[in-house]
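On a predicted model such as this, the values are computed, not experimentally measured, just so you know. The first residue in the sequence is number 1, and the count goes up from there.
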Amino acid sequence: MMDSVPMVVFTGQVGRGVLGTEAFQELNTMDVTKPIVKANFQIMDVNDLQTTITDAFDLAQSGRKGPVVIDLPKDVLDETAEFRPAAKPQTTAQPRFDKTILAAGMQALSNAKRPIAIVGAGTAASGGAEKFNEFIHNWQLPVVSTLLGLGTVADSAPLFLGMGGMHGTYAANMALAETDFIVNVGSRFDDRLIPKPAGYADDKTILHIDIDTKELNKTFATQFAIQADAKTALTAMAASTAPKPDTTAWQKRTQEWATTHPNRAESAQQAPGFDPQAVIAAAGKATNGDATVVTDVGQHQMWAAQAYPFTRTRQIITSGGLGTMGYGLPAAIGAKFGNPDKDVILFVGDGGFQMTSEELEVIANEDLNIKIFLLNNHALGMIRQWQDQFYGQHRYKSTFDHQPNFERLMAAYDLQYQKLSPDEDLDAQMTRIFADTHATLIEVTVPVDDQAYPMVAPGHTNDDMFGM
């Protein structure tokens, strides 16, 4: 729900005759799921099933996308019904928006001195990635991405400044801090992007496009708030005749930030192990920046966001809003089933990997070619980083003195394992890894004290970064 992922979930339920009696394995699924779904349905008549399924898929994929639950009592599943061929699905009408407000916003953009565009997951969800790229090119706007918006604009694009926010690039965060005009398309101004919303918009003009009206003016007041499908709005913006601002000097300044403060400063640490960003960048090079990138949650998630050379929309699959450890391995399986012709890379930590490692059996049974990069720092790295940074280095249960033998674990599932070697050329190892057509777990030793930098502490402004 938080990441606007369209799903239809079928849940099993006790028979209708014992509903409400606390029967064995009964759960009040309707009340439990109500706050976290777009809608839920409980089937009490098998003849309602076809209509409900049709409605559920329509709801999941229309407007702001999200999950829908269909709860199925056991005795309903024992019954039969005739399913008739469904009528050709109607194209869901996009919400109308006030083009007068959009026109005024575009006119105001003409007067901006330091404008930027923010791209969120809503742009890709609307199918508007191509239109967004046309827009920023025509108007010459530097671009900041959210975590889930990565790939909408290629990393190599001259206007792209990287991911913004808590672990965003220096250039992206400085642009967020010093801009005077923001065009936000499909992002909800969450706390990871703007860690200190109080006062943030006081000296900025904001044009915010979102399909969910609840997201408009939620974090702070917006001068031009437009409820619209991103692609529809971007199409209208392309037709704007408003004069375009001269952003030459502003672009030069943002590129200077990117040049003088690259994603990661040279590591001063002497501990043995790999620079995780160097490993991720090498995997990106070996896959020409075209792999489907899946992550679990933690430091490796931020390193992947910073270092993989994203080239296409919908390329990153990660748990953004909820930040669920254990997400990575099952999500990688889904990614490979969903697009089997693409390389699938999973970047996962040693903590999150152990939460759902039983899914290795699915990978083995289905012979799915997934490359699993286990960034092993013998820690719950992000928790350890926060304990060190904000709690006086009081580490509690965040580092591991004992771990399973990951090589033997893979052997138990008849899956391949290798340990990345510091004594062999990294690119050569990557070439060999991706030439193989079977799943492999690649264990990568990462120093326990390695940090996910830069970082903006909660409640601090975007330009107040440390670790650079």
I need the [X] [atom1] to [Y] [atom2] distance, nearest 0.5 Å.
X      : Y      : atom1 : atom2 : answer
Ile116 : Leu176 : CD1   : CG    : 4.5 Å
Asp71  : Asn40  : CG    : CG    : 8.0 Å
Leu360 : Leu368 : CG    : CG    : 11.0 Å
Lys214 : Gln227 : NZ    : CD    : 9.5 Å
Leu346 : Ile372 : CG    : CD1   : 6.0 Å
Thr205 : Asp180 : OG1   : CG    : 7.0 Å

#### Entry: Test applied, side-chain hydrogen bond (donor to acceptor under 3.5 Å, both in side chains); reference residue, Thr292; option that passes from Gln315, Arg312, Arg314
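For Thr292, the side-chain hydrogen bond (donor to acceptor under 3.5 Å, both in side chains) test succeeds with only one of Gln315, Arg312, Arg314, which is Arg312.
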So, does [X] use its side chain to make a donor-acceptor pair with the main chain of [Y] at under 3.5 Å?
X      : Y      : value
Thr169 : Gln306 : no
Thr152 : Gly149 : yes
Tyr413 : Val362 : no
His208 : Ser187 : yes
Thr259 : Gln255 : yes

Less than 4.0 Å between a side-chain N and a carboxylate O, is that true for [Y] and [X]?
X      : Y      : answer
Lys204 : Glu178 : no
Asp190 : Arg188 : no
Asp427 : Lys285 : yes
Glu215 : Arg64  : yes

### Message
If you apply the rule salt bridge (Lys or Arg N to Asp or Glu O under 4.0 Å), what do you find for Asp388 with Arg384, and how did you get there?
### Response
CA-CA 6 Å; Asp388 286 359; Arg384 190 275 311 152; 3.0 Å; yes
### Task
Give a yes or no on this: more than 12 heavy atoms of other residues, nucleotides or ligands lie within 6.0 Å of atom NZ of Lys244.
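Yes, NZ of Lys244 has more than 12 neighbouring heavy atoms, counting only those of other groups under 6.0 Å.
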### Query
Given the rule in the side chain to side chain contact (heavy atoms under 4.5 Å, CB included) test, do Val32 and Leu27 qualify, once you have shown the distances and angles that lead to the verdict?
CA-CA 8 Å; Val32 168; Leu27 177 70; 4.0 Å; yes
### Message
Taking the six-membered ring for Trp, are Tyr453 and His167 closer than 6.0 Å centroid to centroid?
### Response
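Centroid distance Tyr453-His167: not below 6.0 Å, so no.
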### Message
Checking Lys131 against Asp229 for the salt bridge (Lys or Arg N to Asp or Glu O under 4.0 Å) test, could you report, in this order, the C-alpha distance in whole Å, the side-chain angles of both residues, the deciding distance, and whether it holds?
### Response
CA-CA 12 Å; Lys131 289 293 182 183; Asp229 169 78; over 6 Å; no
### Task
Test side-chain hydrogen bond (donor to acceptor under 3.5 Å, both in side chains) on Thr295 and Thr318 and set out the steps.
CA-CA 5 Å; Thr295 83; Thr318 191; 2.6 Å; yes
Once the angle between the rings of [X] and [Y] is folded into 0 to 90°, is it parallel (under 30°), tilted (30 to 60°) or perpendicular (over 60°)?
X      : Y      : result
Phe224 : Phe181 : parallel
His394 : Tyr396 : parallel
Phe353 : Phe406 : perpendicular

### Message
Evaluate Leu420 against Leu426 for side chain to side chain contact (heavy atoms under 4.5 Å, CB included), listing each step before the verdict.
### Response
CA-CA 8 Å; Leu420 211 61; Leu426 185 56; 3.7 Å; yes
### Query
Regarding Gln385 and Gln299, is there a side-chain donor-to-acceptor distance under 3.5 Å anywhere?
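Judged by distance alone, the side chains do pair up.
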### Message
For Thr461 and Tyr200, which I'm curious about, is there any donor-acceptor pair between the side chains at under 3.5 Å?
### Response
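Result is no, nothing qualifies.
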### Query
Among all residues two or more places apart in sequence or in another chain, which pass the ring-ring contact (aromatic ring centres under 6.0 Å, His included) test with Tyr417?
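For Tyr417 there are no ring-ring contact (aromatic ring centres under 6.0 Å, His included) partners, ignoring immediate neighbours.
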### Task
Mind running side chain to side chain contact (heavy atoms under 4.5 Å, CB included) on Val294 and Phe347 for me, showing each step along the way?
CA-CA 6 Å; Val294 185; Phe347 296 110; over 6 Å; no
### Message
salt bridge (Lys or Arg N to Asp or Glu O under 4.0 Å), that's the test. Do Arg253 and Glu256 meet it? Break it down for me.
### Response
CA-CA 5 Å; Arg253 189 174 181 188; Glu256 284 174 352; over 6 Å; no
### Message
Before you tell me yes or no, could you show the steps for Met163 and Thr146 under side chain to side chain contact (heavy atoms under 4.5 Å, CB included), namely the whole-Å CA-CA distance, both residues' side-chain angles and the distance that decides it to 0.1 Å?
### Response
CA-CA 6 Å; Met163 181 179 72; Thr146 65; over 6 Å; no
